[in-house]
*Asks:* 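This is the structure, below, for whatever I ask next.
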Amino acid sequence: MKPIRRRTLADHARGFLRDWSLPRQLRGESPYSDAAKSTGSAKLRPRLEEADKVGTNICPYCAVGCAQLMYAKDGTLIHVEGDPRSPINQGTLCPKGAATFGWLTSELRMSKVLYRAPHADRWEEKPLDWAMDRIAHLAKRTRDETFVHKLPDGTVVNHTLGMASLGGATLDNEENYLIKKLFSGGLGMVWIENQARV
Amino acid sequence: MPQWDLANADCILVMGSNMAENHPIAFRFALQAKQKGATLIHADPRFTRTSALADIHAPIRAGTDIAFLGGIIRHILENDLWFKDYALNYTNLATIIEDAFEDPSQNDGKFSGWDEAKKSYSYESWQYKGEFVPSSLAEHFVNTTESFSDQTKRLQQGPTPKDETLQHPNCVYQILKRHFAPYTPEMVERVTGCPKETFVKVADALARASGREKTGTICYAVGWTHHSTGVQMIRAAAIIQLLLGNVGRPGGGILALRGHSSIQGSTDIPTLYNLLPGYLPQPHGLKPHHSLQDYIDHETTPTGWWHNFPKYIVSLLRAWYGEAGMKENGWGFEWLPKIMGDHSQNPMTLAIEDGLIKGLFLLGQNPAVGGSNAALVQKALGKLDWMVVTDFTETETASFWYKGKPVQAGELAPKDIKTEVFLLPTSLAGEKAGTFTNTHRLIQWHDKVVDGPGDGRSDLWFVYHLGRRLKELYRSSADPRDLPIRYLTWDYPVEGEREEPDAEAVLREINGYTWPDRQQIADFKDLKDDGTTACGCWIYTGVFPKNDHNQARSRKPDGPDGPGTHLGWGFAWPSNRRTLVNRASADPAGKPWSERKKLAWWDAEKGEWDGYDQVDFSTEKAPDYTPDWSKEPAGMDALSGTDPFIMISDGRGALFVPSGLKDGPLPTHYEPVESPVRNPLYGQQHNPTAKIWDRPDNPVHVPEDPRYPHVLTTYRLTEHHSGGTPTRSVASTAELQPEGFSEIAPELAKELGIENLDWVVLSTPRGEVETRALVTERLQPFRIDGRLVHQIGMPWHFGWNGYATGDIANVLTAIVGDPNTGMHENKALTCNLRKGRLDRPQNGG
Ligand code: SF4
């Protein structure tokens with residue numbers, strides 16, 4: 001085992017001089033590359049080096065459609081930034097787009113189903129499966145109670161005016177497609193709207 | 001037009017939009033154009049950052065946009081500044097209209113065809129002489145009961161009646177001149193409050209950016225659509241652009257700046273009541289839509305691209321009802337529900353309040369903040385039996401039963417409210433895969449990178465698993481009314497422990513495939529009306545052209561050497577076209593108008609159209625093609641080689657719209673429903689066809705009501721998003737804009753003794769809110785018809801949940817709407833203002 005040698009003041013001074021950019025610039029090294037390097041900077045690692053996954057995302061806020069790069073490590077989101085390749089935003093994001101990471105990781109996000117029984121004065125947590133079964137049951141009940149097959153004049157309308165749906169402009173096309181397909185084509189709902197008129 | 005194409009404009013008018021603050025990344029292209037020498041103009045009631053960066057700011061009173069734009073149209077016509085070769089060849093400028101047509105200037109503000117009993121127009125006198133022109137299916141109309149008839153077939157028998165010399169008194173050119181004659185610069189100043197010198201500067205700048213070498217763009221946002229005359233504001237912009245030759249050309253067009261990530265997608269694949277995917281009309285119980293054949297007979301236009309309509313509806317039915325659809329049962333057409341009238345959000349609120357609607361799904365929308373007459377919305381939610389909210393946090397809507405206005409006011413307690421409420425946590429983009437369609441029709445895929453937290457699921461998961469459960473519950477029903485849900489195709493593969501449905505499988509169905517062997521279809525020209533193709537949304541065909549090719553995921557932008565249409569980045573519907581009507585970027589002979597504005601051209605050697613973009617025309621139709629009328633041509637065969645607007649029956653840009661608009665063939669200035677002044681132009685005060693639900697819980701006041709002397713306009717902020725949930729619940733954006741406020745001009749503040757940051761109360765017949773005063777010169781009073789009129793501005797994002805809070809501006813607004821879209825009028829109403837606070841428990845009152 002080598003004996004431990006403590007760094008002396010002279011070592012520190014030599015180290016400082018070696019690292020200090022100015023003498024190296026005077027020796028002719030470029031202030032933009034070689035002279036800019038130091039022991040400290042050599043140890044710096046890119047923030048995203050540890051990311052084990054990167055995906056392309058589209059900004060979830062407005063309809064400009066800025067592209068983003070999303071980085072994750074061990075299944076946890078670690079960073080979101082503008083995608084420099086995009087012809088729309090060329091790497092930039094506005095204050096909303098730049099808040100995407102904050103949105104996904106907001107402390108106000110919920111992770112459990114909340115249920116409020118009729119006339120109750122509080123929320124209760126419920127299992128997801130229970131809620132889905134109950135919602136399906138209620139949707140069927142309301143549909144069955146309000147469905148109109150034919151108008152008095154014999155016109156077939158196959159609709160229910162008893163159920164409504166709002167929303168879609170923040171959702172994916174695939175989600176909107178299934179909403180319209182199930183609610184309109186399957187259940188006969190006609191009150192189907194989203195933010196397009198708001 | 002793609003947003004990046006703005007950089008090619010020589011003049012940009014931003015109006016009805018605060019683009020710099022609300023679409024900042026798109027605004028970069030406007031600034032790039034300015035750097036290259038373009039004139040940037042902002043016409044707006046407020047002075048904003050957009051105005052600060054513009055060459056000209058034209059201040060106008062909220063709701064007077066048609067007076068301003070009408071003035072520009074008059075200026076272009078009177079001074080002969082229009083682009084002759086373009087407008088004469090590509091628009092209906094020379095077309096002759098029926099003799100019976102009468103202008104509002106002859107009728108004190110109404111067009112001919114007005115039916116006072118029905119409070120609506122009939123369109124006969126607006127038609128092309130001797131013909132009946134069907135409205136384009138693509139138009140977003142509400143509750144239209146007119147239908148196409150055999151008369152429309154006359155369009156197949158010969159060209160539309162025209163006078164190319166423009167002398168005929170009822171040709172569109174002469175009608176336009178007469179209609180807009182009263183919109184003089186002096187009248188513009190009297191109505192809008194904009195000094196006439198500023199107005200003329202704007203009109204001249206626009207007119208200069210016209211012709212072979214130049215183009216201009218008009219950008220708008222909800223500052224236009226949120227009016228009882230919103231559609232006609234956009235129409236007025238379209239007239240300007242058609243006269244100046246700015247449609248279908250680089251740097252030319254009208255750019256709608258929309259506010260939600262997939263608001264365009266949710267219009268194309270509509271979670272809207274009146275449309276089926278791809279702008280096909282939802283069948284209507286009061287129209288002759290009894291069978292598929294009736295529906296097709298009445299909705300198919302004889303000429304133009306929409307003649308292909310039957311292929312799209314049959315392919316959609318095949319996608320939805322699969323094997324159960326057969327030729328004999330009209331592919332299941334009867335299973336589609338029929339609408340009965342206006343089922344949009346405004347009447348929906350009233351139908352909930354009236355107890356007609358019992359169950360409500362809220363999928364990422366927050367009407368307790370975003371809905372007009374928000375206190376009524378909150379009260380109405382208590383009339384529901386059940387309500388399901390899917391969102392990432394607790395919205396104001398989800399908490400209405402213990403934090404809503406009626407509960408806070410002590411009118412109701414939670415125990416009085418019967419509604420059963422479910423609040424389901426959702427995943428967000430990045431935690432699920434799928435596509436968004438942006439404001440310029442660009443479909444872009446987003447990857448799944450991480451899982452949503454806990455029981456958070458995508459809405460795709462929610463709808464898919466709800467559908468699965470419902471199909472199970474109905475499985476053994478023999479009732480004919482349960483056939484639609486039983487037969488609905490619902491076989492999407494799921495993956496992982498959470499059983500997440502495969503979004504690509506859904507996108508493949510949207511794109512369309514052959515039936516029954518499921519080979520992807522690359523082009524909607526290959527869709528059929530015989531049941532051999534299934535397609536969820538015909539305009540999206542090509543987004544998934546092969547079984548393993550998802551074009552929405554493509555990320556290949558053009559390099560610095562161009563051409564800059566970026567055809568390898570995502571997929572723009574239809575057929576990856578970046579600029580619609582781009583045949584008009586070439587002159588009638590098929591040559592680009594100029595080298596500088598080159599986009600598409602006719603290659604005579606190859607006998608086909610070529611260009612930097614996918615050409616929006618029949619690829620092999622030569623510029624000199626003329627229809628052979630002796631054969632009664634249908635569809636595209638009835639359009640000549642110089643008819644670029646292929647979705648319109650006569651292929652011509654519609655300066656004058658004979659059918660499809662509820663409130664007239666031409667834009668006309670009417671005052672907002674609530675206005676501080678009388679209409680200076682006509683005796684008719686407001687849009688005679690405006691939707692006004694005047695009832696005790698939604699009162700609207702008469703013009704010049706001294707109790708409500710000030711104009712109120714609502715708007716958005718850079719740091720917040722619409723109803724606010726996705727930004728008020730996020731630390732950085734909430735810190736940047738932490739609380740609600742209203743903007744008040746110094747003159748008005750002085751008059752009422754209001755200092756900056758004082759509490760003030762705004763009131764309308766619907767309700768009152770308290771907020772902080774921001775006294776600022778960004779708002780200026782106007783002198784209207786000799787009177788001083790003040791304007792107050794209030795952002796509408798705020799609510800009681802999240803980190804950034806404030807009173808809900810929509811408590812002030814009314815359920816009043818545009819006759820065509822049903823959109824509310826929250827950009828122009830009137831209010832009262834006083835210093836002080838509301839008498840509320842938390843205020844010690
Ligand atoms: S970054 Fe800003 S401008 Fe771009 S899409 Fe997001 S919200 Fe819109």
Side-chain angles (χ1 to χ4, degrees), chain A residues 55 57-58 60-66 70 72 77 87 89 94-95 99 102-103 106 108-111 114 116 118-119 121 128 136 138 140 142 149 156-159 162-179 182 185-186 188 190-194 196-198, chain B residues 24-26 258 260-261 263 265-267 269 271 285 320 337-339 343 345 357-361 363-365 370 386 393 414-415 418 420-421 423 425 429-430 434-436 438-439 444 446-447 449-450 453-455 459-460 463 467 469 481 485 488 503 506 557 566 719 729-730 732-733 823:
Chain A
N57 195 44
I58 303 302
Y61 288 100
C62 94
V64 171
C66 298
M70 260 190 176
L77 191 68
N89 57 312
C94 83
W103 184 2
S106 167
L108 298 181
R109 278 195 80 171
M110 310 189 311
S111 58
L114 294 181
R116 184 258 178 183
H119 307 289
D121 61 0
L128 180 58
L138 288 171
K140 179 171 189 299
T142 304
H149 179 51
V156 176
V157 289
N158 272 328
H159 71 206
M163 285 198 281
S165 169
L166 263 185
T170 63
L171 305 180
D172 295 344
N173 291 321
E174 294 74 16
E175 298 177 319
N176 277 286
Y177 182 70
L178 288 199
I179 295 167
L182 177 67
V190 293
W191 297 103
I192 299 175
E193 280 285 287
N194 66 37
R197 289 182 233 265
V198 196
Chain B
I25 304 297
R258 308 191 67 181
H260 299 74
S261 52
I263 195 157
S266 66
T267 312
I269 299 175
T271 35
W320 283 14
K338 294 195 178 74
I339 55 174
H343 303 291
Q345 188 176 339
I357 295 173
K358 312 209 176 289
L360 174 65
F361 293 98
L363 310 171
Q365 189 167 344
W386 54 268
T393 187
K415 69 172 167 28
K418 63 174 177 176
E420 190 170 345
V421 186
L423 176 54
T435 54
F436 286 147
N438 86 348
T439 201
Q444 302 182 98
H446 58 82
D447 296 327
V449 181
V450 291
D455 286 342
D459 287 79
L460 197 69
V463 180
R469 280 171 166 82
R481 56 196 219 157
I485 178 71
L488 197 73
V506 182
H566 304 289
E719 296 80 6
S729 312
V730 174
S732 62
T733 40
M823 278 163 98

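Chain A is the first sequence line, chain B the second, and so forth, proteins listed ahead of strands; every chain is numbered from 1.
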*Asks:* Using a 4.5 angstrom heavy-atom cutoff, name the option from B:G265, B:G454, B:G359 with the most pairs to chain A.
*Replies:* B:G359
*Asks:* Looking at A:H159, A:R116, A:E175, which one has more heavy-atom pairs under 4.5 Å with chain B than the rest?
*Replies:*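 Max contact count across the listed options: A:R116.
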*Asks:* Which pair of non-hydrogen atoms, one from A:M70 and one from A:N57, has the smallest distance, and what is that distance?
*Replies:*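 Closest heavy-atom pair between A:M70 and A:N57: CE-ND2, 3.4 Å.
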*Asks:* Between B:G430, B:P414, B:P557, which has the largest tally of heavy atom pairs under 4.5 Å with chain A?
*Replies:*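 Answer, by heavy-atom pair count under 4.5 Å with chain A: B:P414.
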*Asks:* Only pairs of heavy atoms separated by less than 4.5 Å count here; which of B:I485, B:T439, B:T733, B:V421 has the most with chain A?
*Replies:*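 Answer, by heavy-atom pair count under 4.5 Å with chain A: B:V421.
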*Asks:* Using non-hydrogen atoms only, which part of B:S729 is less than 4.5 Å away from chain A: side chain, backbone, both, or neither?
*Replies:*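 Both backbone and side chain.
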*Asks:* Find the one option among A:I179, A:L138, A:D121, A:N89 whose heavy-atom pairs under 4.5 Å with chain B are most numerous.
*Replies:*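 When all of A:I179, A:L138, A:D121, A:N89 are compared, A:L138 has the most.
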*Asks:* Heavy-atom pairs under 4.5 Å with chain B - which of A:S106, A:P60, A:P87 has more of them than the others?
*Replies:* A:P87
*Asks:* Report the option among A:C94, A:G167, A:A169, A:G65 that has the most heavy-atom pairs separated by less than 4.5 Å from atoms of chain B.
*Replies:*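 Heavy-atom pairs under 4.5 Å are most numerous for A:A169.
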*Asks:* For the backbone of A:I192 and the side chain of A:S165, can you confirm whether one donor and one acceptor N or O come within less than 3.5 Å of each other?
*Replies:* no
*Asks:* With only heavy atoms counted, which part of B:W386 is less than 4.5 Å from chain A, the side chain, the backbone, both or neither?
*Replies:* side chain
*Asks:* Return the set of residues passing ring-ring contact (aromatic ring centres under 6.0 Å, His included) with B:H446 (not counting sequence neighbours), or none when no residue passes.
*Replies:* B:F436
*Asks:* Do you know which of B:T271, B:I357, B:V450 has the most heavy-atom pairs under 4.5 Å to chain A?
*Replies:*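 Heavy-atom pairs under 4.5 Å are most numerous for B:T271.
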*Asks:* Picking from B:M823, B:K418, B:H566, B:E719, which has the most non-hydrogen pairs under 4.5 angstrom with chain A?
*Replies:*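 Of B:M823, B:K418, B:H566, B:E719, B:K418 has the most heavy-atom pairs under 4.5 Å with chain A.
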*Asks:* Kindly indicate whether the side chain of B:L363, heavy atoms from C-beta on, has any atom under 4.5 Å from the side chain of A:T170.
*Replies:*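 They are not in side-chain contact.
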*Asks:* Return the CZ to OG1 distance between A:R197 and B:T267, rounded to the nearest 0.5 Å.
*Replies:* 8.5 Å
*Asks:* Check each atom of B:L488 against the heavy atoms of chain A and say whether the ones under 4.5 Å are side chain, backbone, both or neither.
*Replies:* side chain
*Asks:* Of the non-hydrogen atoms in B:I263 and A:A63, which two are nearest, and what is the gap between them?
*Replies:*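 The answer is CG2-CB, 4.2 Å.
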*Asks:* When heavy-atom pairs shorter than 4.5 Å are enumerated against chain B, which of A:L114, A:L108, A:N158 gives the highest number?
*Replies:* A:L108
*Asks:* Among A:A99, A:G55, A:G162, which residue has the highest count of heavy-atom pairs closer than 4.5 Å to chain B?
*Replies:*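 So the answer, after comparing A:A99, A:G55, A:G162, is A:G162.
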*Asks:* Check the side chains of B:S266 and A:N176 for a donor-acceptor pair under 3.5 angstrom, ignoring hydrogens and angles.
*Replies:* no
*Asks:* Listed by chain and number, what are the ring-ring contact (aromatic ring centres under 6.0 Å, His included) partners of A:W103, not counting sequence neighbours?
*Replies:* A:Y61, B:F392
*Asks:* Between B:H260 and A:N194, is there a side-chain heavy-atom distance shorter than 4.5 Å?
*Replies:*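 Not in contact.
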